[in-house]
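For reference, the structure discussed in these notes is given below.
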Amino acid sequence: MMMKQNLDLIEGPKTRLSMHPKKFALWLFIGSVVMMFAAFTSAFIVRRAEGNWMDFEIPDIFWLNTGIVLLSSGTMHWAFTAAKRDDLETIKLALGITIILGFAFLTGQYISWGHLVDANVFFVGNPAGSFLYVLTGLHGFHIVTGITFLVVVLLNSIRYNVHAKNLVQIEMCTTYWHFLSGLWLYLFIFLLLNH
Amino acid sequence: MEAIDIKSREGEIHHGDYEQMEHHHESFLTKYIFSTDHKTISKQFLISGIFWALIGGSLSIVFRLQLGFPDLNLQWLQPVLGGWITETGKLDTEFYLAMVTMHGTIMVFFVLTAGLSGTFSNFLIPLQIGARDMASGFLNMLSYWFFFASSVVMLTSLFIETGPASGGWVIYPPLSALPQAMSGSGLGMTLWLVSMALFIISSLLGSINYITTVINLRTEGLSMTRVPLTIWAFFLTAVIGVLAFPVLFSAALLLIFDRSFGTSFFLSEIYIAGEALPNVGGSAILFQHLFWFLGHPEVYIVLLPALGITSEIIATNSRKPIFGYRAMIGSLLGITILSFVVWAHHMFITGMSPFLGTIFMFLTLIIAVPSAVKVFNYLTTLWKGNIIFTPAMLFSIGLVSFFISGGITGIYLGNTAIDIQLHDTYFIVAHFHIVMGSASFFGMVAGIYHWFPKMFGRMMDAKLGYIHFWVSFVGVYMVFFPMHYIGMAGFPRRYYSFTNFDAFSGFTDMNMMISTAAIITFGAQLLFVFNFFYSIFKGRKATANPWGSNTLEWTAPIKPGHGNWPGKIPLVYRWPYDYSKPGAKEDFIPQNVPFSQTPESNLPHEKDPEETPGDEGAIVLDEAKE
Ligand code: HEM
Ligand SMILES: [Cu+2]
């Protein structure tokens with residue numbers, strides 16, 4: 001027994017990571033997006049520690065937007081489980097709702113910028129405000145890419161190309177969308193703690 | 001003929017792929033231009049890299065002329081440089097800075113990142129791990145074309161009227177953030193940022209592809225503890241790239257906002273021409289942190305592939321197993337991790353907290369340990385080997401030499417107290433040109449000599465190779481070694497001229513010598529370029545395995561087609577360094593030879609697995625495994 005195990009260690013056919021290469025590549029991409037936001041948020045902290053920092057209020061509407069984006073994660077997951085169950089109608093419905101929620105989130109973020117301007121927090125001015133706009137803006141940009149991805153999956157599902165035997169795409173989309181919600185949650189908590 | 005062969009041997013749907021590739025009529029456009037074949041893409045990167053190296057090199061010759069012969073009349077350069085040569089035949093002072101900046105940018109990013117990783121990761125990863133191609137040929141193609149677009153933008157910036165970016169390759173604000181700071185900070189800087197944004201996208205696409213391919217597409221039997229060290233090096237380089245480049249992207253984005261939208265991330269309380277700018281509250285140091293968080297890992301992005309290539313070439317041409325294979329992997333991993341925690345050693349004298357400086361000094365000095373492990377292992381691999389001095393081998397040994405002499409000066413620089421004196425002097429220039437510039441460049445050239453037969457099916461001329469090596473090797477030391485002295489004497493880097501300062505006028509002869517050596521060294525590179533292009537068409541025909549090497553690429557046809565192996569993908573039974581194994585018939589045993597065929601040389605624990613590996617392994621790609 002011992003001997004056999006040893007042999008396996010030296011010779012046995014080695015299994016490679018059993019993850020689909022595309023999914024794996026998506027995780028790497030997510031990793032690089034994480035690094036980008038890590039850079040921004042650490043720059044935020046470093047800069048804040050240097051003083052001359054304007055304190056600002058977090059717009060209340062962020063709470064609502066956070067709710068929306070979390071809800072959209074829920075509907076995204078609903079779409080995914082529907083795909084696993086081969087429930088083709090539900091996939092379309094759930095994806096559609098997710099897309100609408102995505103747009104709702106973007107609109108909410110846009111309104112929040114209006115509130116910020118009303119509160120005299122500008123993009124051009126004290127870096128505190130600039131950072132706020134960059135963080136939300138860049139996250140918003142990624143939401144746009146996420147919505148694009150969702151639309152692609154929706155179109156595919158309308159063509160009956162998304163089902164239990166063809167899950168890769170919707171799974172990747174789910175991963176990405178959850179990541180974007182998580183990213184927002186991180187940014188929101190970060191801003192709550194550091195504003 | 002070949003195709004029928006494949007069918008009878010494999011007859012599997014999965015391999016339909018390969019046939020299709022072979023029979024599909026490729027137009028010139030899809031074969032040579034918008035190719036998704038990793039071998040073609042790698043050659044595209046290589047040729048682009050050589051093109052950039054010539055441009056970057058020529059720039060350095062021009063500014064070396066200025067430094068070595070300040071009184072020289074450069075009128076004859078007017079046809080090329082136009083208005084940058086003044087009426088009196090002098091180099092325009094701001095253009096001097098532009099050239100230094102472009103030289104650095106081009107060499108670090110376009111030659112030693114894209115040209116090196118792009119060429120060898122692309123070429124060797126699929127061939128050495130037994131894959132048909134990269135995980136995504138399409139993204140791979142995109143990676144090249146983003147690089148191409150980035151190159152076009154950067155090249156254009158060289159020819160615009162206000163000149164290219166001039167604030168140094170590190171583009172520190174405020175110089176880079178204020179278009180009115182100097183002429184290169186206008187459109188030139190904008191183009192620099194656009195070009196680098198494209199470059200970063202290209203690099204991320206490439207890196208994600210390399211990592212995915214190495215993780216997912218290795219052939220049966222090829223565990224991560226059996227892959228050649230080249231693969232480990234390319235893999236970790238890509239990991240560093242994925243983690244570090246996004247941070248540069250962040251920094252560039254904030255810089256763009258500062259430049260074009262009036263934000264103050266990096267700008268604060270600045271007077272220009274007596275007028276106060278509106279920007280308050282920014283921090284230029286912040287930019288340095290962000291930049292060097294990429295910048296330091298970047299130097300290892302440049303170096304690691306060269307180290308991997310060297311491991312392979314030294315083992316092959318010493319006819320000995322690499323010494324300390326696992327220690328080599330460990331030190332690569334160590335360097336990868338440590339490279340992310342030493343960035344502030346570039347900022348010791350920015351006014352950073354001295355306590356923080358001490359921490360970074362400590363971390364910086366630790367990185368010398370894995371570096372020393374690598375050097376030790378190269379030397380012990382060479383020790384008592386049956387060394388075959390091919391040009392590739394000579395260049396690899398040259399790399400080891402540079403890695404030692406340049407690494408040692410790194411240890412000086414890592415000490416905060418000494419760095420106060422040496423920072424931003426020619427000592428730095430000497431340090432990084434030896435340890436990064438020359439070492440990586442030698443690694444790249446070694447790789448070209450070594451894998452040329454696989455790339456083009458012909459050999460490069462060895463005699464020209466020897467001349468190229470000796471002139472380059474001696475030349476590099478002649479150019480960069482004296483710079484240590486100049487640096488210790490306090491010469492600041494990036495100065496247009498020293499003759500204006502009494503304190504620095506003493507080294508005129510030394511500077512003349514350096515410049516002369518630089519010109520000769522550059523000349524030797526032209527010899528190499530000639531050898532390269534001549535051999536592509538007229539070189540001696542290569543044999544299948546000209547260096548007697550163990551790795552999988554040499555089991556492929558001399559000129560591998562689309563899909564790399566016409567038949568089945570070879571399986572791997574052993575590590576790649578079975579050179580001069582006691583008892584063996586020959587002094588090398590390729591990785592795809594089962595132990596059952598080499599009873600005479602097997603060590604007690606070396607037996608084939610009970611069931612021979614099935615076909616499954618090679619085709620994981622096609623199945624969406626859940
Ligand atoms: C033994 C390991 C090393 C140590 C301790 C070390 C240390 C340092 C330090 C402290 C500096 C900053 C000096 C200053 O600006 O005042 C520096 C600069 C530099 N090092 Fe190293 N280094 C090491 C190896 C390397 C390697 C392996 C590379 C590249 C492959 C490299 C590339 C560079 C470059 C490019 C710069 C200058 C960047 C610039 O200011 O333009 N170093 N090194
Ligand atoms: Cu460094």
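Below, read A as the first sequence line, B as the second, and so on, with proteins coming before strands; counting in each chain starts at 1. Predicted, not measured: the structure shown is a model, and the values here were computed from it.
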Do A/Arg47 side-chain atoms and B/Phe266 backbone N/O form a donor-acceptor pair below 3.5 Å?
no
Using 0.5 Å steps for rounding, measure from the CZ atom of A/Phe24 to the OG1 atom of B/Thr213.
10.0 Å
If you take all heavy atoms of A/Pro21 and B/Thr212, which pair is closest and at what distance?
O-CG2, 3.4 Å
Stepwise side chain to side chain contact (heavy atoms under 4.5 Å, CB included) check, B/Phe245 with A/Ser32
CA-CA 8 Å; B/Phe245 269 115; A/Ser32 62; over 6 Å; no
With only heavy atoms counted, which part of B/Ser136 is less than 4.5 Å from chain A, the side chain, the backbone, both or neither?
neither
Can you tell me which portion of B/Phe293 sits under 4.5 Å from chain A's heavy atoms? Options are side chain, backbone, both or neither.
side chain
What part of A/Tyr133 gets within 4.5 angstrom of chain B, counting heavy atoms only: side chain, backbone, both, or neither?
neither
Under 6.0 Å from the CZ atom of A/Phe149, do we count more than 12 heavy atoms belonging to anything else shown?
yes
Counting only N and O atoms by type, is there a donor-acceptor contact under 3.5 Å from the side chain of B/Ser250 to the main-chain atoms of A/Met36?
yes
B/Phe257 portion near chain A, given a 4.5 angstrom heavy-atom threshold
side chain
Might you point out which heavy atoms bring A/Gly125 and B/Ser264 nearest each other, and give the distance in Å?
O-OG, 3.8 Å
Heavy-atom neighbours of A/Trp27 CH2 exceed 12 at 6.0 Å
no
Contact part of B/Ile208 toward chain A, heavy-atom cut-off under 4.5 Å: side chain, backbone, both or neither?
both
Close side-chain approach of A/Leu138 and B/Leu253, heavy atoms under 4.5 Å:
yes
Which heavy-atom pair separates B/Phe265 from A/Pro127 by the least distance, and what is that distance?
CE2-O, 4.3 Å
Name the region of B/Phe249, side chain, backbone, both or neither, that has any atom closer than 4.5 Å to a heavy atom of chain A.
side chain
For A/Lys92, is the NZ atom crowded, meaning more than 12 foreign heavy atoms sit under 6.0 Å from it?
yes
Under 4.5 Å to a heavy atom of chain A? For B/Leu254 that would be side chain
Looking only at heavy atoms, which two atoms of A/Ala39 and B/Val247 are closest? And how far apart?
CB-CG1, 3.8 Å
Distance in Å, A/His20 NE2 paired with B/Asn216 CG, rounded so as to fall on 0.5 Å steps:
9.0 Å
Ignoring hydrogens, what is the shortest heavy-atom contact between A/Asn52 and B/Gly281? Give both atom names and the distance.
ND2-CA, 3.4 Å
Need one label for B/Ile211: side chain, backbone, both or neither, based on atoms under 4.5 Å from any heavy atom in chain A.
both
Region of B/Leu248 in contact with chain A, defined by heavy-atom distances below 4.5 Å
neither
Which heavy-atom pair separates A/Phe123 from B/Thr263 by the least distance, and what is that distance?
O-CG2, 3.4 Å
So how far is it from A/Leu28 CG to B/Ser207 OG, rounded to the nearest 0.5 Å?
9.5 Å
Distance check, rounded to the nearest 0.5 Å: B/Leu139 atom CG versus A/Phe29 atom CZ?
11.0 Å
